[in-house]
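Heads up: the structure comes next, in C-alpha coordinates.
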Amino acid sequence: MENLIEKAKKIFPGDGHRSFFAPGRINLIGEHIDYNGGYVLPCALDLGTYGVAQAREDDVVSCYSENFPEIGTVNFSLLDLKYRAEDDWANFVKGMCKELGVEQGFNLYVSGNIPNGAGLSSSASLEVLVGVVVNNLFGLGFSALEIVKAAHRAENEFIGVKCGIMDQFIIGMAREESGILLNTSDLEHYFVKIDLGEHILLIGNTNKKRTLASSKYNERREECEKALQILQGRFKINALCDLTSKELPECEALLQDEVLFRRVRHAVTENERTKEAYRALEKGDLREFGALLNASHASLRDDYEVTGHELDSMQELFLKHGALGARMTGAGFGGCAIALVKADAAETMIEKVGPEYQERTGLAADFYLVRVGSGAREL
Ligand code: GLA
(Lines give C-alpha, C1' and ligand atoms only; values in the text may rest on other atoms or scores of the structure.)
Protein backbone atom coordinates (compact mmCIF):
# COMPACT_ATOMS: atom_id res chain seq x y z
CA MET A 1 0.00 0.00 0.00
CA GLU A 2 2.81 2.42 0.91
CA ASN A 3 4.17 1.80 -2.52
CA LEU A 4 0.82 2.45 -4.19
CA ILE A 5 0.39 5.75 -2.35
CA GLU A 6 3.86 6.79 -3.52
CA LYS A 7 2.94 5.94 -7.11
CA ALA A 8 -0.40 7.75 -6.79
CA LYS A 9 1.39 10.86 -5.53
CA LYS A 10 3.44 11.02 -8.71
CA ILE A 11 0.22 11.55 -10.68
CA PHE A 12 -1.81 13.30 -7.98
CA PRO A 13 0.61 15.23 -5.71
CA GLY A 14 -0.29 16.91 -2.44
CA ASP A 15 -1.71 15.21 0.62
CA GLY A 16 -4.90 13.76 2.05
CA HIS A 17 -4.53 10.47 0.17
CA ARG A 18 -6.63 7.56 1.51
CA SER A 19 -6.58 3.95 0.38
CA PHE A 20 -9.37 1.53 -0.42
CA PHE A 21 -9.90 -2.02 -1.62
CA ALA A 22 -12.75 -3.95 -3.27
CA PRO A 23 -12.46 -7.68 -4.02
CA GLY A 24 -13.28 -9.75 -7.10
CA ARG A 25 -15.59 -12.72 -6.70
CA ILE A 26 -16.29 -16.29 -7.68
CA ASN A 27 -19.70 -17.86 -7.55
CA LEU A 28 -19.60 -21.24 -5.82
CA ILE A 29 -23.02 -22.27 -7.10
CA GLY A 30 -26.35 -20.71 -8.17
CA GLU A 31 -25.45 -19.66 -11.70
CA HIS A 32 -27.65 -17.61 -14.02
CA ILE A 33 -30.43 -17.44 -11.49
CA ASP A 34 -29.83 -14.05 -9.85
CA TYR A 35 -32.16 -12.62 -12.51
CA ASN A 36 -34.65 -15.45 -11.96
CA GLY A 37 -35.27 -14.79 -8.26
CA GLY A 38 -33.10 -17.71 -7.15
CA TYR A 39 -30.54 -18.39 -4.43
CA VAL A 40 -26.87 -17.78 -5.23
CA LEU A 41 -23.78 -18.62 -3.17
CA PRO A 42 -20.81 -16.43 -4.15
CA CYS A 43 -17.71 -15.50 -2.18
CA ALA A 44 -15.21 -12.66 -2.39
CA LEU A 45 -11.59 -13.23 -3.37
CA ASP A 46 -8.40 -11.83 -1.93
CA LEU A 47 -7.69 -10.49 -5.43
CA GLY A 48 -9.28 -7.15 -6.16
CA THR A 49 -9.07 -3.47 -7.02
CA TYR A 50 -7.02 -1.03 -4.97
CA GLY A 51 -7.69 2.70 -5.06
CA VAL A 52 -5.90 5.74 -3.64
CA ALA A 53 -8.20 8.75 -3.48
CA GLN A 54 -7.94 12.40 -2.54
CA ALA A 55 -10.71 15.02 -2.32
CA ARG A 56 -10.55 18.12 -4.55
CA GLU A 57 -12.07 21.55 -4.08
CA ASP A 58 -13.76 21.71 -7.52
CA ASP A 59 -16.30 19.57 -9.35
CA VAL A 60 -13.75 17.65 -11.43
CA VAL A 61 -12.98 13.94 -11.12
CA SER A 62 -9.57 12.90 -12.34
CA CYS A 63 -8.71 9.22 -12.57
CA TYR A 64 -5.79 7.07 -13.61
CA SER A 65 -5.44 3.28 -13.74
CA GLU A 66 -2.17 1.38 -13.72
CA ASN A 67 -3.99 -1.33 -15.64
CA PHE A 68 -4.72 0.99 -18.56
CA PRO A 69 -1.66 3.26 -18.87
CA GLU A 70 -2.40 3.77 -22.59
CA ILE A 71 -5.63 5.56 -21.66
CA GLY A 72 -3.79 7.93 -19.34
CA THR A 73 -5.57 10.30 -16.96
CA VAL A 74 -9.28 10.76 -17.61
CA ASN A 75 -10.91 13.99 -16.39
CA PHE A 76 -14.60 14.73 -16.26
CA SER A 77 -16.89 17.26 -14.61
CA LEU A 78 -19.59 16.13 -12.18
CA LEU A 79 -21.91 18.48 -14.06
CA ASP A 80 -21.47 16.44 -17.26
CA LEU A 81 -21.81 12.75 -16.48
CA LYS A 82 -22.22 11.14 -19.88
CA TYR A 83 -21.03 7.76 -21.11
CA ARG A 84 -18.13 8.24 -23.53
CA ALA A 85 -16.54 5.22 -25.18
CA GLU A 86 -13.09 6.84 -25.22
CA ASP A 87 -13.17 7.21 -21.43
CA ASP A 88 -13.20 3.41 -21.22
CA TRP A 89 -12.88 2.16 -17.61
CA ALA A 90 -13.54 5.67 -16.22
CA ASN A 91 -17.18 5.28 -17.30
CA PHE A 92 -17.66 3.03 -14.26
CA VAL A 93 -16.45 5.89 -12.06
CA LYS A 94 -18.88 8.29 -13.76
CA GLY A 95 -21.78 5.86 -13.41
CA MET A 96 -21.20 5.61 -9.66
CA CYS A 97 -20.89 9.41 -9.26
CA LYS A 98 -24.20 9.78 -11.06
CA GLU A 99 -25.99 7.11 -9.03
CA LEU A 100 -24.72 8.45 -5.70
CA GLY A 101 -25.24 12.13 -6.58
CA VAL A 102 -21.62 13.10 -5.92
CA GLU A 103 -21.09 16.89 -5.98
CA GLN A 104 -17.46 17.33 -4.99
CA GLY A 105 -14.53 16.33 -7.18
CA PHE A 106 -11.73 13.88 -6.33
CA ASN A 107 -8.61 12.25 -7.72
CA LEU A 108 -8.52 8.48 -7.98
CA TYR A 109 -5.52 6.25 -8.68
CA VAL A 110 -6.49 2.64 -9.39
CA SER A 111 -4.54 -0.61 -9.50
CA GLY A 112 -6.21 -4.00 -9.81
CA ASN A 113 -4.94 -7.58 -9.76
CA ILE A 114 -8.09 -9.31 -10.99
CA PRO A 115 -7.30 -10.65 -14.47
CA ASN A 116 -9.38 -8.62 -16.94
CA GLY A 117 -12.15 -10.33 -18.86
CA ALA A 118 -11.81 -13.53 -16.80
CA GLY A 119 -15.32 -13.31 -15.42
CA LEU A 120 -14.12 -12.60 -11.87
CA SER A 121 -16.05 -9.31 -11.72
CA SER A 122 -13.36 -6.71 -12.17
CA SER A 123 -16.01 -4.16 -13.22
CA ALA A 124 -18.32 -4.71 -10.24
CA SER A 125 -15.21 -4.51 -8.04
CA LEU A 126 -14.33 -1.09 -9.50
CA GLU A 127 -17.91 0.18 -9.14
CA VAL A 128 -18.21 -0.80 -5.50
CA LEU A 129 -14.71 0.57 -4.82
CA VAL A 130 -15.78 3.98 -6.16
CA GLY A 131 -18.93 3.81 -4.02
CA VAL A 132 -16.88 3.30 -0.85
CA VAL A 133 -14.37 5.98 -1.91
CA VAL A 134 -16.94 8.76 -2.35
CA ASN A 135 -19.00 7.63 0.64
CA ASN A 136 -15.98 7.85 2.95
CA LEU A 137 -14.26 10.89 1.42
CA PHE A 138 -17.38 13.04 1.59
CA GLY A 139 -19.24 11.44 4.51
CA LEU A 140 -22.28 10.72 2.34
CA GLY A 141 -23.70 8.24 4.87
CA PHE A 142 -24.79 5.50 2.46
CA SER A 143 -25.07 1.97 3.86
CA ALA A 144 -23.12 -0.88 2.24
CA LEU A 145 -26.38 -2.16 0.75
CA GLU A 146 -27.18 1.26 -0.76
CA ILE A 147 -23.75 1.30 -2.40
CA VAL A 148 -24.37 -2.23 -3.74
CA LYS A 149 -27.71 -1.18 -5.24
CA ALA A 150 -26.19 1.95 -6.76
CA ALA A 151 -23.43 -0.16 -8.35
CA HIS A 152 -26.03 -2.52 -9.77
CA ARG A 153 -28.00 0.40 -11.25
CA ALA A 154 -24.81 1.95 -12.65
CA GLU A 155 -24.01 -1.33 -14.45
CA ASN A 156 -27.59 -1.78 -15.74
CA GLU A 157 -28.33 1.78 -16.72
CA PHE A 158 -25.12 3.75 -17.21
CA ILE A 159 -22.97 0.95 -18.63
CA GLY A 160 -25.93 -0.87 -20.18
CA VAL A 161 -25.15 -4.43 -19.04
CA LYS A 162 -28.31 -6.10 -17.77
CA CYS A 163 -26.67 -8.24 -15.06
CA GLY A 164 -28.27 -9.42 -11.83
CA ILE A 165 -27.20 -8.10 -8.40
CA MET A 166 -25.00 -11.02 -7.29
CA ASP A 167 -21.58 -9.58 -8.14
CA GLN A 168 -22.10 -6.15 -6.60
CA PHE A 169 -23.76 -7.72 -3.55
CA ILE A 170 -20.96 -10.10 -2.61
CA ILE A 171 -18.28 -7.47 -3.32
CA GLY A 172 -19.97 -4.91 -1.10
CA MET A 173 -21.17 -7.21 1.69
CA ALA A 174 -18.67 -10.07 2.09
CA ARG A 175 -17.09 -10.88 5.45
CA GLU A 176 -13.78 -12.61 6.15
CA GLU A 177 -13.72 -16.32 5.23
CA SER A 178 -17.41 -16.37 4.40
CA GLY A 179 -19.54 -16.78 1.34
CA ILE A 180 -23.09 -15.45 1.22
CA LEU A 181 -26.24 -17.41 0.51
CA LEU A 182 -28.33 -14.67 -1.09
CA ASN A 183 -31.99 -14.91 -1.97
CA THR A 184 -32.09 -12.63 -5.01
CA SER A 185 -35.86 -12.24 -4.82
CA ASP A 186 -35.77 -10.23 -1.57
CA LEU A 187 -32.04 -9.86 -0.77
CA GLU A 188 -32.35 -11.85 2.43
CA HIS A 189 -28.92 -13.38 3.05
CA TYR A 190 -26.90 -15.62 5.33
CA PHE A 191 -23.16 -15.63 5.84
CA VAL A 192 -21.68 -19.08 5.25
CA LYS A 193 -18.32 -19.95 6.71
CA ILE A 194 -16.24 -21.51 3.94
CA ASP A 195 -14.40 -24.21 5.80
CA LEU A 196 -13.01 -26.64 3.25
CA GLY A 197 -10.79 -28.61 5.63
CA GLU A 198 -7.94 -30.15 3.65
CA HIS A 199 -9.36 -28.78 0.42
CA ILE A 200 -9.00 -25.47 -1.36
CA LEU A 201 -10.61 -23.75 -4.31
CA LEU A 202 -8.50 -23.66 -7.43
CA ILE A 203 -9.45 -21.28 -10.24
CA GLY A 204 -8.63 -22.20 -13.83
CA ASN A 205 -8.83 -19.35 -16.34
CA THR A 206 -9.64 -20.75 -19.81
CA ASN A 207 -8.27 -17.55 -21.37
CA LYS A 208 -10.98 -17.91 -23.97
CA LYS A 209 -12.06 -14.44 -25.18
CA ARG A 210 -15.58 -13.87 -23.97
CA THR A 211 -16.75 -12.22 -27.19
CA LEU A 212 -20.27 -13.63 -27.07
CA ALA A 213 -20.74 -13.17 -23.36
CA SER A 214 -22.92 -10.05 -23.33
CA SER A 215 -25.12 -10.87 -26.35
CA LYS A 216 -25.67 -14.47 -25.23
CA TYR A 217 -26.27 -13.31 -21.66
CA ASN A 218 -29.07 -11.02 -22.83
CA GLU A 219 -30.47 -13.79 -25.04
CA ARG A 220 -30.74 -16.12 -22.01
CA ARG A 221 -32.47 -13.39 -20.01
CA GLU A 222 -35.01 -12.91 -22.79
CA GLU A 223 -35.66 -16.65 -23.01
CA CYS A 224 -36.30 -16.75 -19.26
CA GLU A 225 -38.68 -13.78 -19.47
CA LYS A 226 -40.57 -15.39 -22.31
CA ALA A 227 -40.94 -18.67 -20.42
CA LEU A 228 -42.01 -16.81 -17.27
CA GLN A 229 -44.79 -14.97 -19.13
CA ILE A 230 -46.18 -18.23 -20.47
CA LEU A 231 -45.96 -20.01 -17.11
CA GLN A 232 -47.56 -17.11 -15.22
CA GLY A 233 -50.74 -17.97 -17.13
CA ARG A 234 -50.93 -21.11 -14.99
CA PHE A 235 -48.75 -20.63 -11.88
CA LYS A 236 -48.86 -17.78 -9.35
CA ILE A 237 -45.14 -16.94 -9.62
CA ASN A 238 -43.02 -13.80 -9.74
CA ALA A 239 -39.92 -15.50 -11.08
CA LEU A 240 -38.87 -18.87 -12.51
CA CYS A 241 -37.20 -19.90 -9.26
CA ASP A 242 -40.56 -19.78 -7.47
CA LEU A 243 -41.25 -23.10 -9.22
CA THR A 244 -40.19 -26.48 -7.83
CA SER A 245 -38.86 -29.44 -9.76
CA LYS A 246 -42.14 -31.29 -9.11
CA GLU A 247 -43.84 -28.74 -11.34
CA LEU A 248 -41.43 -29.27 -14.23
CA PRO A 249 -43.49 -31.89 -16.12
CA GLU A 250 -46.42 -29.48 -16.21
CA CYS A 251 -44.11 -26.66 -17.36
CA GLU A 252 -42.91 -28.82 -20.20
CA ALA A 253 -46.45 -29.44 -21.38
CA LEU A 254 -47.34 -25.75 -21.11
CA LEU A 255 -44.27 -24.39 -22.84
CA GLN A 256 -44.35 -26.67 -25.87
CA ASP A 257 -40.83 -25.50 -26.63
CA GLU A 258 -37.88 -27.73 -25.94
CA VAL A 259 -35.30 -24.93 -25.63
CA LEU A 260 -37.40 -22.78 -23.31
CA PHE A 261 -38.15 -25.83 -21.20
CA ARG A 262 -34.46 -26.62 -20.74
CA ARG A 263 -33.79 -23.02 -19.64
CA VAL A 264 -36.55 -23.31 -17.04
CA ARG A 265 -35.29 -26.71 -15.89
CA HIS A 266 -31.83 -25.22 -15.31
CA ALA A 267 -33.20 -22.31 -13.28
CA VAL A 268 -35.40 -24.51 -11.11
CA THR A 269 -32.90 -27.29 -10.45
CA GLU A 270 -29.97 -24.88 -9.95
CA ASN A 271 -31.97 -23.06 -7.28
CA GLU A 272 -32.58 -26.36 -5.47
CA ARG A 273 -28.92 -27.39 -5.83
CA THR A 274 -27.80 -24.10 -4.31
CA LYS A 275 -29.88 -24.62 -1.19
CA GLU A 276 -28.56 -28.20 -0.93
CA ALA A 277 -25.00 -26.94 -1.38
CA TYR A 278 -25.51 -24.52 1.48
CA ARG A 279 -26.66 -27.38 3.72
CA ALA A 280 -23.73 -29.55 2.59
CA LEU A 281 -21.28 -26.76 3.48
CA GLU A 282 -22.91 -26.26 6.87
CA LYS A 283 -22.52 -29.99 7.57
CA GLY A 284 -18.97 -30.01 6.22
CA ASP A 285 -20.00 -32.65 3.67
CA LEU A 286 -17.54 -31.80 0.90
CA ARG A 287 -18.29 -34.90 -1.15
CA GLU A 288 -21.90 -33.83 -1.47
CA PHE A 289 -20.83 -30.24 -2.14
CA GLY A 290 -18.48 -31.42 -4.91
CA ALA A 291 -21.21 -33.57 -6.49
CA LEU A 292 -23.50 -30.53 -6.57
CA LEU A 293 -20.80 -28.46 -8.31
CA ASN A 294 -20.59 -31.16 -10.99
CA ALA A 295 -24.36 -31.31 -11.41
CA SER A 296 -24.46 -27.51 -11.74
CA HIS A 297 -21.88 -27.62 -14.52
CA ALA A 298 -23.80 -30.35 -16.37
CA SER A 299 -26.99 -28.30 -16.20
CA LEU A 300 -25.21 -25.15 -17.45
CA ARG A 301 -23.69 -27.21 -20.27
CA ASP A 302 -26.72 -29.22 -21.39
CA ASP A 303 -29.77 -27.20 -20.39
CA TYR A 304 -28.59 -23.61 -20.22
CA GLU A 305 -25.85 -23.92 -22.88
CA VAL A 306 -23.42 -21.33 -21.58
CA THR A 307 -20.23 -23.38 -21.18
CA GLY A 308 -18.50 -24.21 -24.48
CA HIS A 309 -15.53 -26.41 -25.39
CA GLU A 310 -12.96 -24.58 -23.25
CA LEU A 311 -14.92 -24.53 -19.99
CA ASP A 312 -16.08 -28.11 -20.52
CA SER A 313 -12.51 -29.27 -21.15
CA MET A 314 -11.22 -27.49 -18.06
CA GLN A 315 -13.97 -28.97 -15.91
CA GLU A 316 -13.44 -32.51 -17.24
CA LEU A 317 -9.69 -32.30 -16.71
CA PHE A 318 -10.10 -31.09 -13.14
CA LEU A 319 -12.26 -34.13 -12.43
CA LYS A 320 -10.00 -36.51 -14.32
CA HIS A 321 -7.10 -35.45 -12.13
CA GLY A 322 -8.90 -35.91 -8.85
CA ALA A 323 -10.95 -32.81 -8.02
CA LEU A 324 -13.87 -33.48 -5.68
CA GLY A 325 -16.03 -31.22 -7.83
CA ALA A 326 -15.65 -28.58 -10.53
CA ARG A 327 -17.77 -26.16 -12.50
CA MET A 328 -17.70 -23.01 -14.57
CA THR A 329 -18.22 -19.83 -12.56
CA GLY A 330 -19.80 -16.52 -13.60
CA ALA A 331 -21.56 -15.79 -16.88
CA GLY A 332 -19.77 -18.50 -18.89
CA PHE A 333 -18.84 -18.48 -22.61
CA GLY A 334 -15.20 -18.55 -21.54
CA GLY A 335 -13.83 -17.13 -18.32
CA CYS A 336 -13.02 -19.33 -15.34
CA ALA A 337 -13.84 -22.72 -13.83
CA ILE A 338 -13.40 -23.54 -10.14
CA ALA A 339 -12.37 -26.86 -8.65
CA LEU A 340 -12.45 -28.26 -5.15
CA VAL A 341 -9.07 -29.92 -4.72
CA LYS A 342 -6.87 -31.29 -1.91
CA ALA A 343 -4.55 -28.48 -0.90
CA ASP A 344 -1.44 -30.66 -1.13
CA ALA A 345 -2.42 -31.91 -4.61
CA ALA A 346 -3.09 -28.48 -6.15
CA GLU A 347 0.36 -27.98 -7.66
CA THR A 348 0.32 -31.40 -9.32
CA MET A 349 -3.20 -30.74 -10.55
CA ILE A 350 -2.02 -27.53 -12.25
CA GLU A 351 0.94 -29.34 -13.83
CA LYS A 352 -1.35 -31.99 -15.29
CA VAL A 353 -4.40 -29.97 -16.30
CA GLY A 354 -2.42 -27.11 -17.93
CA PRO A 355 -0.76 -29.07 -20.76
CA GLU A 356 -3.76 -31.33 -21.42
CA TYR A 357 -6.01 -28.29 -21.62
CA GLN A 358 -3.63 -26.67 -24.09
CA GLU A 359 -3.58 -29.83 -26.17
CA ARG A 360 -7.36 -29.90 -26.35
CA THR A 361 -8.01 -26.21 -26.96
CA GLY A 362 -4.80 -24.62 -28.22
CA LEU A 363 -4.97 -22.12 -25.36
CA ALA A 364 -2.63 -21.69 -22.40
CA ALA A 365 -4.61 -21.61 -19.16
CA ASP A 366 -3.78 -19.63 -16.02
CA PHE A 367 -4.39 -20.94 -12.52
CA TYR A 368 -4.94 -19.04 -9.30
CA LEU A 369 -4.84 -20.41 -5.79
CA VAL A 370 -6.94 -17.84 -4.02
CA ARG A 371 -8.29 -17.33 -0.57
CA VAL A 372 -11.78 -16.23 0.34
CA GLY A 373 -11.59 -12.51 1.09
CA SER A 374 -13.83 -9.88 2.66
CA GLY A 375 -15.86 -7.02 1.18
CA ALA A 376 -15.02 -3.52 -0.04
CA ARG A 377 -13.48 -1.23 2.58
CA GLU A 378 -11.14 1.61 3.41
CA LEU A 379 -7.70 0.28 4.31
C1 GLA B 1 -22.62 -12.40 -14.46
C2 GLA B 1 -23.63 -11.39 -13.94
C3 GLA B 1 -24.30 -11.88 -12.67
C4 GLA B 1 -24.84 -13.30 -12.84
C5 GLA B 1 -23.79 -14.21 -13.46
C6 GLA B 1 -24.34 -15.58 -13.81
O7 GLA B 1 -21.56 -12.50 -13.54
O8 GLA B 1 -23.01 -10.15 -13.68
O9 GLA B 1 -25.32 -10.99 -12.27
O10 GLA B 1 -26.02 -13.29 -13.60
O11 GLA B 1 -23.23 -13.66 -14.64
O12 GLA B 1 -24.71 -16.27 -12.66
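Numbers here are sequence positions counted from 1. As the structure is a prediction and not an experimental result, all values here were calculated from the model. Indexing begins at 1, ligand by ligand and atom by atom, following the structure's order.
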Do me a favour and list the nearest non-hydrogen protein atom to [atom] with residue, atom name and distance?
atom                   : result
atom 9 (O) of ligand 1 : Asp34 OD2, 2.6 Å
atom 8 (O) of ligand 1 : Asp167 OD2, 2.7 Å
atom 5 (C) of ligand 1 : Met166 CE, 3.8 Å

Can you tell me if Arg25 has a non-hydrogen atom under 4.0 Å from ligand 1? yes
Evaluate side-chain contact (heavy atoms from CB on, under 4.5 Å) for Leu145 paired with Leu187, printing each intermediate quantity in order. CA-CA 10 Å; Leu145 186 58; Leu187 301 189; 4.3 Å; yes
Does any N or O in the side chain of Asp58 come within less than 3.5 Å of the main-chain N or O of Gly105, such that one atom is a donor and the other an acceptor? no
Go through Ile230 and Asp257 one step at a time and tell me if the side-chain contact (heavy atoms from CB on, under 4.5 Å) criterion holds. CA-CA 11 Å; Ile230 301 173; Asp257 180 318; over 6 Å; no
Look only at interatomic distance and state if Gly30 has a nitrogen or oxygen under 3.5 Å from any nitrogen or oxygen of ligand 1. no
Would one find an N or O of Tyr35, backbone or side chain, under 3.5 Å from an N or O of ligand 1? no
Using a strict cut-off of 4.0 Å, indicate which atoms of ligand 1 neighbour a heavy atom of [X].
X      : answer
Gly330 : 6 (C), 11 (O)
Gly164 : 9 (O)
Cys163 : 2 (C), 8 (O), 9 (O)

Apply the test side-chain hydrogen bond (donor to acceptor under 3.5 Å, both in side chains) to residues Asn183 and Glu188: give CA-CA distance (whole Å), side-chain angles for both, the deciding distance (0.1 Å), then the verdict. CA-CA 5 Å; Asn183 181 345; Glu188 198 184 336; 5.1 Å; no
Between Phe12 and His17, is the ring centre distance below 6.0 Å? no
Any salt bridge between Lys320 and Glu316, counting N to O under 4.0 Å? no
Looking at Glu305 and Arg263, is any side-chain nitrogen of the basic one under 4.0 Å from a carboxylate oxygen of the acidic one? yes
Select the closest option to atom 11 (O) of ligand 1 among Gly332, Ala331, Ser121, Gly119, judged by heavy-atom distance. Ala331
